[in-house]
Amino acid sequence: MDRLTLTLPEAHALLHEESQRHNVARFVDADECRELIISEDTYAYGEACHALWDSDLRCSNCSSYKACHARHSQKKVERLIQTMYEVESKPVAIITEDGSAIEVSLELIDWHQADDFELATVPEKNNQNLHFLSSHDVLTGLLDRNTFYYTVRQSLMENPEQKYLMISLNIRHFHLINDLYGLEKGNEVLLNLAEDTLDIIPEGVHVTRLFGDQFAIFAPDDGKVTERLNRIIDQAKTKVYGETIILQVHAGIYVIDSPNRPVSVMVDRANMARKSIENDMTTRIAYYSHDLLDQAVKRQRLISRFPDALHNGEFVIYLQPQIDKTGNVNSAEALVRWIQDDGSVIPPGEFVPCFEESGQIAKLDRYIWETVVKQLKAWEGTPLENVALSVNVSPKDFQYLNVTELLDGLIEQYGIDRSKLHVEITETALIEAADDVDRIVKAGFRLEIDDFGKGYSSLNTLKNVSATTLKMDMFFLRLNEENRKRGDIIIDHIITMGKQLGMQVIAEGVETKHQQDHLFSHGCDLLQGFLFSEPVPVDEFERNYLGIPDAIRIS
Ligand code: C2E
Ligand code: MG
Ligand code: MG
């Protein structure tokens, strides 16, 4: 980002200086398409920017808009009849007399008579282009959604013999760039991806930004598409934003098998292909297949069956014990299972992501948390009364629920001890809903960072949140002989770091005796994993541990 911040006198002085060097130097408010007249102590809105070009309309390719919204200088060269214009737009924040800032662009414009070469090669600036303005995205200059759909249909109808592809492009975790580095950084990323895409694809291929970071490309199937997509993805990777962001772009391709489908369905299918690899760091391009459609239908079925299943009590908790060094079980994790009416069990990995997408996860989690609190209540006065239970909180829950208020309410309603309800949050939630997570800690709940190490910014998340517990993900533990040594070193350091930060450290996914010995000997507090017990129904858990706290012997 190269935005300047200037007071009114500084802006005034800079403008004076630049006016000596350029044909025109001016400040413009690019959102409103107006010049800003600056004096040493005040400012006022002036003429429309495009009046300079004798036009009534905003420029088709407004470099100042891009500069302001991406906070990055932009340059363009355009020809208007016989004159070449060079425009440089620099983002500036002007601090006005009352201390507020206006985001403007400092436009430096020079012109000269076009020579023969320029006349022949530089396309003419078209300021009367009402059609362009009403059909393109101002930020990226790509087609807007409606025009894209219209143009795709037009091409399909005009060339019925041609084979076409619909491609979906998306940036992994784009919202994090907005969240961590601001909207303008996000805009810069979008702008660069749009420019790279336009550079790499041949003319006549239609590209749109449907919304956010969702791009679609409609291209003839000329056998070179994957090569071009790989170039676009590589190009995106070479640009490093902020301190550490490396862009991971994923593409999904739908080979259009029938031109008679609605364009929206073609885009859906390309999206479906892309989404099938969005959590895969090694695959960048995926093709649509009917299997994906089957899976989508299956997901849809789960989503539509959810209300009845919840009503019928088909969601139950299984408990997985956490073992301390002496073999005692003082806590367990509650994990949801969907037991269908035919007795078959659906694991959460199959439905939690669907419900996260549909938003139903909040209803499910609220129900599960209440079930867990009721369970804690039911154990009062039994040998299991000191056992604490942890619940999982989806990052999506924060969009629909006031999690802290809800948990508080449950504790109060059932009159249980707050220290017995532990709250598991993933790193994603820590980043996306830091304030909400903070509220949980402030309300006095034990907060556990789940799947630590699995995410992309594990270490970063630790500095801001005072979580009580670190749950190390089993990803580290699933290692072969070769990299086990290295894995062990990483694990040791995580444990040491957690301890130095005053946190409890739990390892989950413990499957072998070697892991158990290594983890305990390096100071890990609790272990959870198949080595001790799978998650089991509540009655089985009670049978296993009721009255025999050291039922699990560590040999
Ligand atoms: P998680 O919270 O990280 O839970 C640990 C998962 O690891 C559980 O899978 C557990 O069965 C599995 N696991 C435990 N020990 C071992 C082991 O030694 N080896 C292997 N390979 N796996 C082990 P599960 O129950 O299928 O749950 C998967 C994920 O679903 C959970 O991961 C959690 O993110 C989510 N989930 C489960 N219950 C809920 C819930 O009530 N609400 C929400 N929002 N998410 C839930
Ligand atoms: Mg968990
Ligand atoms: Mg976990």
Side-chain angles (χ1 to χ4, degrees), residues 279 302 306 309-310 314-323 329 331-339 345-375 388-401 403 406-407 410 421-430 432-433 446-455 458 467 469-479 494 505-516 519 524 526-538 540-541 552:
N279 291 319
L302 294 178
F306 173 76
L310 188 67
E314 292 178 28
F315 293 100
V316 301
I317 51 165
Y318 274 34
L319 301 178
Q320 189 175 32
Q322 294 169 339
I323 319 298
V329 173
S331 54
E333 176 172 9
L335 294 151
V336 65
R337 297 288 181 267
W338 184 347
I339 314 230
V345 181
I346 314 181
E350 275 180 42
F351 57 84
V352 165
C354 302
F355 296 164
E356 285 183 329
E357 220 176 293
S358 68
Q360 289 159 316
I361 190 67
K363 271 195 176 151
L364 175 64
D365 277 345
R366 192 161 59 177
Y367 174 79
I368 294 296
W369 303 339
E370 182 158 10
T371 310
V372 167
V373 171
K374 281 181 183 169
Q375 190 57 62
L389 292 178
S390 61
V391 291
N392 286 280
V393 176
S394 158
K396 288 281 177 308
D397 287 333
F398 296 104
Q399 287 177 15
Y400 303 95
L401 300 172
V403 176
L406 219 146
L407 295 174
L410 287 172
L421 185 66
H422 299 179
V423 182
E424 291 194 15
I425 304 271
T426 58
E427 292 167 48
T428 315
L430 280 179
E432 288 178 1
R446 279 190 81 87
L447 187 83
E448 309 190 343
I449 304 181
D450 201 359
D451 299 345
F452 184 80
K454 200 170 164 186
S458 310
T469 304
L470 216 152
K471 281 193 89 172
M472 217 183 333
D473 186 68
M474 60 187 100
F475 166 78
F476 284 118
L477 311 178
R478 285 218 199 100
L479 300 161
I494 291 180
V505 180
I506 303 183
E508 61 177 335
V510 179
E511 291 182 348
T512 66
K513 183 81 176 47
H514 165 84
Q515 292 171 342
Q516 174 194 312
L519 287 160
C524 193
L526 297 175
L527 306 187
Q528 179 185 337
F530 294 169
L531 179 64
F532 311 104
S533 167
E534 288 186 12
V536 293
V538 174
E540 195 175 329
F541 183 86
I552 294 177

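Read the numbers this way: they start at 1 and go in the same order the structure lists the ligands and their atoms. All heavy atoms count here, side chains included; hydrogens, waters and symmetry mates do not.
- Side chains of Gln320 and Glu333: no donor on one and acceptor on the other come within 3.5 Å.
- For residues 364-374, the pairs satisfying side-chain hydrogen bond (donor to acceptor under 3.5 Å, both in side chains) are Glu370-Tyr414, with sequence neighbours left out.
- Contact annotation: for Val510 versus ligand 1, heavy atoms closer than 4.0 Å belong to the backbone alone.
- Side-chain atoms of Gln515 come within 3.5 Å of backbone N or O of Thr512 as a donor-acceptor pair.
- Annotation: ring pair (Phe, Tyr, Trp, His ring centres under 6.0 Å) contacts of Phe306 (sequence neighbours excluded): Phe315, Phe355.
- At least one heavy atom of Gly509 lies less than 4.0 angstrom from ligand 1.
- Protein atoms that are N, O or S and lie under 2.8 Å from the Mg ion (ligand 2) are these: Glu333 OE2, Asn392 OD1, Glu424 OE1, Asp450 OD2.
- The side-chain contact (heavy atoms from CB on, under 4.5 Å) test with Asp397 singles out one residue from Ile361, Asn392, Ile425, and that residue is Ile361.
- When atom types are taken as modelled, the side chain of Glu448 and the backbone of Ala467 share no donor-acceptor pair closer than 3.5 angstrom.
- Among Phe530, Phe532, Phe315, the residue whose heavy atom lies closest to atom 22 (N) of ligand 1 is Phe530.
- Counting heavy atoms closer than 4.0 Å to ligand 1, residue Gln320 contributes side-chain atoms (C-beta onward) but none from N, CA, C or O.
- Considering all non-hydrogen atoms of both residues, Val329 and Phe541 come closest at CG1-CZ, 4.2 Å.
- Nearest to atom 39 (C) of ligand 1 by heavy-atom distance, out of Asp397, Ile317, Leu335, Val336, is Val336.
- The shortest heavy-atom distance from Glu534 to ligand 1 is not under 4.0 Å.
- Close contacts of ligand 1 with Glu511, meaning ligand atoms under 4.0 Å from a residue heavy atom, involve 17 (C), 18 (O), 19 (N), 20 (C), 21 (N).
- For the pair Thr469/Ile449, no side-chain contact is recorded, criterion being any heavy-atom separation below 4.5 Å from C-beta on.
- Each of Val345, Val352, Leu302 was compared with Trp338 under the side-chain contact (heavy atoms from CB on, under 4.5 Å) criterion, and only Leu302 meets it.
- Between Lys396 and Glu356 there is no salt bridge, since none of the side-chain N atoms of the basic residue sits less than 4.0 Å from a carboxylate O of the acidic one.
- Shortest non-hydrogen contact noted between Ala332 and Pro321 is CB-CA, 4.0 Å.
- Those atoms of ligand 1 with a heavy atom of Asp451 less than 4.0 angstrom away are 3 (O).
- By the criterion of a heavy-atom distance under 4.0 Å, the side chain of Pro535, and not its backbone, is placed next to ligand 1.
- Under 4.0 Å from ligand 1, not a single heavy atom of Leu364 appears.
- Between atom CD of residue Glu508 and atom CD of residue Glu424 there is a gap of 6.5 Å, rounded to the nearest 0.5 Å.
- Counting the atoms of ligand 1 from 1 in the order shown, those under 4.0 Å from a heavy atom of Ile368 are 41 (O).
- In this structure, the side chain to side chain contact (heavy atoms under 4.5 Å, CB included) partners of Ala334, at least two apart in sequence or on a different chain, are Ile317, Leu319, Val372.
- If you number the atoms of ligand 1 from 1 as listed, the ones under 4.0 Å from a heavy atom of Ile361 come out as 44 (N).
- A heavy-atom distance below 4.5 Å is found between the side chains of Leu519 and Met472.
- Taking a 4.0 Å cut-off on heavy atoms, Glu508 registers as neighbouring ligand 1.
- Contact annotation: for Asp365 versus ligand 1, heavy atoms closer than 4.0 Å belong to the side chain alone.
- Geometrically, ligand 1 and Glu356 share no nitrogen or oxygen pair separated by less than 3.5 Å.
- Within the structure, the closest approach of Arg337 to ligand 1 falls below 4.0 Å when heavy atoms are considered.
- For ligand 1 and Ser394, the ligand atoms under 4.0 Å from any heavy atom of the residue are 44 (N).
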